[in-house]
J.: 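The structure follows.
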There are 2 protein chains.
Amino acid sequence: MIIQIEPQSDVPIYTQLTNQIIEGIARGYMHPGDSLPSVRAFAADLGVNMHTVNKSYHELEKKGIIRIIPKSGAVINSPVEISNNSERLLEEFKPMIAEALVLGLDKEQIQELVTSLIQDIKGKP
Amino acid sequence: MIIQIEPQSDVPIYTQLTNQIIEGIARGYMHPGDSLPSVRAFAADLGVNMHTVNKSYHELEKKGIIRIIPKSGAVINSPVEISNNSERLLEEFKPMIAEALVLGLDKEQIQELVTSLIQDIKGKP
DNA sequence: AAAATTGTTATATTGAAAATAGAACAGAAT
DNA sequence: ATTCTGTTCTATTTTCAATATAACAATTTT
């Protein structure tokens, strides 16, 4: 799985990494039960610092997407063992929905946008 | 319209302000053509610095939601005079959709989430 | 059993961003 | 004419992002 980091971006490196790992799982490049690379190996691979990868892993753990086993590694959780995050998801989605509405999109157009994104992600290639 | 700033939050004050203004417009508390308060008055009202409000206004202008008329004020744009932002919206939505998928939500559940948010916002009270 | 690898923790430094503060300017509104 | 507007400038403080080492203890590998 290919990760592309843009050091110049205004979005922090650890967030870029978090998002791309999530997208990689969503696309099926990685599966529940799989281990993520060690923070050191991954950092060396990406050319970033170990702590930057570590921060990303802990962000993923906070979201419930992986579990970090001390002195061992990071493992991708299966959806069934993830606690209910609908509350947090709602709060994360709200600003975007509001923005789309203000920009003039109606309900159907927003649903189309969501649908096309889901198909883009799930229709792997 | 009531704005609530949480200084302790990890999301910057100017972003909190931007999001709440957007939500306020989406909810119909403010309308296209309306003027936003002056940066000074708003800042005094919120108990924050003038430049923080100014930064929020420029963020809103970048999104196309308001226009800033030099030496005059900030005015809410109508949707029709907003250029096409679908490209940026797609990029903003993607990480959230991917996260929702990884957390185990299927297409229908995500659509439901979006629908409930839209109804919450548009069904004013 | 010994060596290597793991995540963790701690400290330190650098650079950028966030937020505040005060001041001054020129155009607009009253 | 006075006030108010957004703009611009400089400056400071604080926080965050990122890097850099180093050391520790437990797990894995050899």
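Reckoned from all heavy atoms, side chains included, excluding hydrogens, waters and symmetry mates. Throughout, a chain's letter reflects where its sequence line sits, starting with A, and its residues are numbered from 1. A quick note: this is a predicted structure, and the numbers were derived from the prediction, not measured.
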J.: Between protein and nucleic acid, restricted to nucleotides 6-12 of chain D and to nitrogen or oxygen atoms under 3.5 Å apart, what atom pairs and distances do you find?
T.:
from	atom 1	to	atom 2	distance (Å)
D/dG6	OP2	B/Val39	N	3.1
D/dG6	O4'	B/Lys71	N	3.4
D/dG6	N7	B/Arg40	NH2	2.9
D/dG6	O6	B/Arg40	NH2	2.3
D/dG6	N2	B/Lys71	NZ	2.6
D/dG6	N3	B/Lys71	NZ	3.3
D/dT7	OP2	B/Asn54	OD1	3.3
D/dT7	OP2	B/His58	NE2	3.1
D/dT7	O4	B/Arg40	NH2	3.3
D/dT8	O4	B/His51	NE2	3.4
D/dC9	N4	B/His51	NE2	3.1

J.: Do B/Val75 and B/Ile21 sit in one hydrophobic cluster, given that two such residues count as connected whenever their side-chain heavy atoms are within less than 4.5 Å of each other, even indirectly?
T.: no
J.: Do any side-chain nitrogens or oxygens of B/Thr52 fall under 4.0 Å of OP1 or OP2 in C/dT20?
T.: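 True: B/Thr52 side-chain N/O within range (under 4.0 Å) of C/dT20 OP1/OP2.
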J.: Figure out the CZ/P separation between A/Arg67 and C/dG7, and round it to whole Å.
T.: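 It works out to 14 Å between those atoms.
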J.: Identify the heavy atoms of B/Arg27 and B/Asp120 that sit nearest to each other, and give their distance.
T.: NH1-O, 3.1 Å
J.: Short of 4.0 Å, heavy atom to strand atom, which residues of residues 2-25 of chain A count as contacting DNA chain D?
T.: A/Pro12, A/Ile13, A/Tyr14
J.: Shortest non-hydrogen contact from B/Lys63 to B/Ile22?
T.: CD-CD1, 4.1 Å
J.: Nearest heavy-atom pair of A/Gly64 and A/Asn77: which atoms, and what distance?
T.: O-ND2, 3.1 Å
J.: What integer distance in Å separates B/Glu59:CD from C/dA17:P?
T.: 14 Å
J.: Which atom names give the shortest non-hydrogen contact between B/Met96 and B/Glu92, and what distance separates them?
T.: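 Heavy atoms only, the tightest pair is CG-O, 3.8 Å.
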J.: What heavy-atom pair brings B/Ala26 and A/Ala98 nearest, and what distance separates the two atoms?
T.: CB-O, 3.9 Å
J.: So if you build clusters from Ile, Leu, Val, Met, Phe, Trp, Tyr with side-chain heavy-atom gaps below 4.5 Å, do A/Tyr29 and B/Leu103 land together?
T.: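 Hydrophobic grouping puts A/Tyr29 with B/Leu103.
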J.: Looking only at heavy atoms, which two atoms of A/Arg67 and A/Ile76 are closest? And how far apart?
T.: NH1-O, 4.1 Å
